[in-house]
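Worksheet: one structure, shown below.
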Amino acid sequence: MHLPLSDMYNQPDERNRLDHMRQGVIGKPLDRPEGPLKVSGTATYAAEWRIAGCVDGVLVLASIAQGQVSAIHRDDVLAREGVLAVIADPAMTRRSAQGMAAKAPQQDAARVEYFGQPVALVVAQTFEQARDAALALRIDYTDASDPAPFDPHAPGVKVEAPSDSKPVEGGDLDQAMETAAFSIDVEYDTPGHASAAMEPHATIAQWQGDNLILHGSYQMLAYNVKEIADCLGIAADKVRIIAPYVGGGFGSKLGITHEAVSAAIAARELGRPVRVVMTRQQVFQTVMRRSETRQRVRLAADPAGRLIGLGHEALVSNLPGEKFAEPVTQATEFLYGGENRLLKVEVARISRLTAGSVRAPGEAVGMQVLEAAMDELAEKIGIDPIDLRKRNLPATVPVEGTPYSSRMLTQALEEGAKAFGWSARQTRPCQTREGEWWIGMGMASAARVNMMVPAQARVTLQADGSALVETDQTDIGTGTYAILGQIAGEMLGLPIAQVTVTLGDTALPAGAGSGGSFGAISTGSAVMRACEAIRETLAKRLGCDETDLALKDGSASAPGGESRALPDLLDGHDLVETGSIKPGKTAKEFSQASYGAFFAEVAVHAFTGEVRVRRMTGAFGFGRVLNAKTARSQCLGGMVWGIGSALTEELAFDTRDGHLVNHDLAEYHVPVHADVPAIEVILLEERDAAASPLQAKGVGELGICGAAGAIANAVYNACGVRVRSFPLTLDKIIPALPDPFASAA
Ligand code: MOS
């Protein structure tokens, strides 16, 4: 196997091979090749694999918040029909692994740390028998002597600086606030969020000798293999994970969690395959939550509306000792100016289920608050909120001085405004009334950091002239199958029907995994590298440079030479290459992010305070669009999340015991079709050469980052009610509504 040209991306100015190909496959709004399997119910998801002799395990969750399990009354349930085992191995009660942890979290395994922590697994012949026994299982506990509080704002709660990030400090913010012509100093709350992926967490574990095979639902297989191996104390090369279809993750499947570990332990103990599927309630109660946040935003502007100071401080929470702290100020660091600044996150140590990555960790809640605060400042200054943003785009990242790789924010603001019809907006609230509804418009910027992570992919140009792309990269509903096929098709001059993509098996080269919006650009760049190597070989055979090689419609030609069909050129042999990529110096030399702008029109009921989003427009610039259809779908999905964050989604904890009260989709309200209006998505033309050889950036999470702020701003514009606590539910709006009988001013 010959390694491709370069495994490190360091040269943003290198000749653009993709443009050179000009096959027109990349960027096309191609349907997902696996779509028909999914809609016909024949794509096999984790729990659906039929494995001979497989039995079912059901997790038992702690019914106390903090303490020790002192006794498990196994015999009572072992006597029941079909029950095979009650397992309580210390390894399976550990916390879930955070994203890209690549090892199991360390934890005093005998301890219960939060209400709902898995403490045992009941295995039976059938799922029903296991569930029945799990509900009947009696467990005795002793309470903790030193309990942590359940509320991040409780008196005496321990508050720490995150272990892996430092505050950003520059100049003198207090001084800037004092001398500013216009300033605001506001506090916002955002609640905890659930990932609420449609497919619950599920694993089927089977052992073949010392080898463990998992069929499961995870996002980042190469890391997950290491995590489960570490948990079980076995070598990582003994573990194989198979996950060709994953029904959403949104962060909750980044790291290995309890159902996988307990299935593996039970399968080893019983000597037969064991399946563990979390119930919807268990998914809510024990997989990663997004932390609630309390955010203080200080904005200080000069008479011309330029920021001279910017403060963004957040209090988030997590279990004691847990490294992850919601990086609330991540986009604030680079988005706007204001050299006098203080950006800081602190974490309160409390007893609630582990906090971790939930779609767009950091920006999802940080941007919605920053953008609402910017709206408050624009109003105070008396300028259009779009103008305020445009006046405050720095030439380089404040304090650090890093240049931007590319930034389509101005274009997004302008094109989005035009498409949305922003010019029709009334500048003052309570100006438009339709029957019993106040109507208003709001906007917000979108920003999300761009990341690349190491990835590998194998491409085989098969003797018959078709291509096979193979990597353990997952497709969690995002369009990975389509995109990786398009990249190979583009590079090798093959119609898309001639490219097969095989994903989600750790026996294949390690892709980036699905997370942090980096899957497509990272693994896609690895596919590109592998194709470059294949092109080199073909060019050599034709006696030309790779740069002069033309591959089109399954044929190859050198300049002036005859066109030869690929099977002829391959002469009965496959060409196999593995491409790899990892972030190079451009990752450090440039501030890389995807940008956009949101526009929302809402109606607020003058009597009940009910908010209906009437329409939304989002304009986004994230480098090269790899597939206009799947990219649009990602943006749509993000904006739907924005509607949920703005109006309905909120994890409700009982502050007496940390119990998650609304642990299902009936009580935790994600937007449904009736909540989601017509959404327009504009994809801007952009190339970002520093971001990846594909000149593409991440798009997966961009559509959520700020969307809820646009809706909150529209609510204010409609009825003059500024709610600084998300979600904007009726109870918070009604008390501040203007006289409903007053006509529009
Ligand atoms: Mo994402 S929250 O990195 O799946």
Side-chain angles (χ1 to χ4, degrees), residues 96-102 164 190 192-201 216-224 227 243 246-257 283 287-291 293 316 318 322-328 330-331 353-368 446-455 472-480 504 511-523 583 592-594 622 630 633-635 637-638 640-642 644-645 649 651 670 697-708:
S96 307
Q98 296 284 354
M100 301 171 84
D164 55 359
T190 66
H193 292 147
S195 289
M198 195 179 296
E199 181 197 22
H201 293 56
S217 184
Y218 327 112
Q219 293 178 228
M220 310 201 52
L221 305 191
Y223 300 87
N224 302 144
E227 288 151 10
V246 177
F250 310 114
S252 70
K253 297 171 184 169
L254 289 171
I256 211 87
T257 191
V283 172
V287 309
M288 299 282 177
R289 69 182 166 99
R290 188 201 304 283
S291 172
T293 73
V316 303
N318 212 337
E322 196 67 29
K323 266 196 179 144
F324 181 89
E326 181 82 23
V328 175
Q330 193 159 259
L353 57 130
T354 320
S357 292
V358 174
R359 199 171 190 192
E363 285 91 334
V365 284
M367 283 293 292
Q368 82 184 58
R448 169 71 178 158
V449 290
N450 181 65
M451 292 172 271
M452 178 190 270
V453 304
D472 82 354
Q473 173 70 33
T474 45
D475 184 330
I476 62 171
T478 40
T480 317
S514 298
S517 304
F518 52 59
I521 69 152
S522 305
T523 308
Q592 297 181 16
S594 296
F622 46 91
T630 59
S633 295
Q634 289 295 297
C635 296
V640 172
W641 270 70
S645 307
E649 292 187 48
L651 290 178
V670 300
K697 292 186 279 197
V699 62
E701 295 158 313
L702 179 62
I704 186 174
C705 303

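The first residue in the sequence is number 1, and the count goes up from there. Source: prediction; values computed, not measured. Numbering of ligands and ligand atoms starts at 1, following listing order.
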message: For a 4.5 angstrom cut-off between non-hydrogen side-chain atoms, does L254 reach M100?
response: no
Distances under 3.5 Å, N/O of ligand 1 against N/O of the protein: list each pair and its distance.
unit_1   : atom_1 : unit_2 : atom_2 : d
ligand 1 : 3 (O)  : G516   : N      : 2.6
ligand 1 : 4 (O)  : Q219   : NE2    : 2.8
ligand 1 : 4 (O)  : G251   : N      : 2.9

For the residue pair K253 / S217, report whether a side-chain donor-acceptor contact shorter than 3.5 Å exists.
yes
Check your understanding: Does one side chain, of T523 or Q473, offer a donor that lies under 3.5 Å from an acceptor on the other?
Key -> yes
So CE of M198 and CD1 of I476: to nearest 0.5 Å the spacing works out to 13.0 Å
Residues passing the side-chain contact (heavy atoms from CB on, under 4.5 Å) test with I256, sequence neighbours excluded, are A97, Y218, N224, E227, I228, A260, V261
Given the options L702, V449, I704, E363 meets side chain to side chain contact (heavy atoms under 4.5 Å, CB included) only with V449
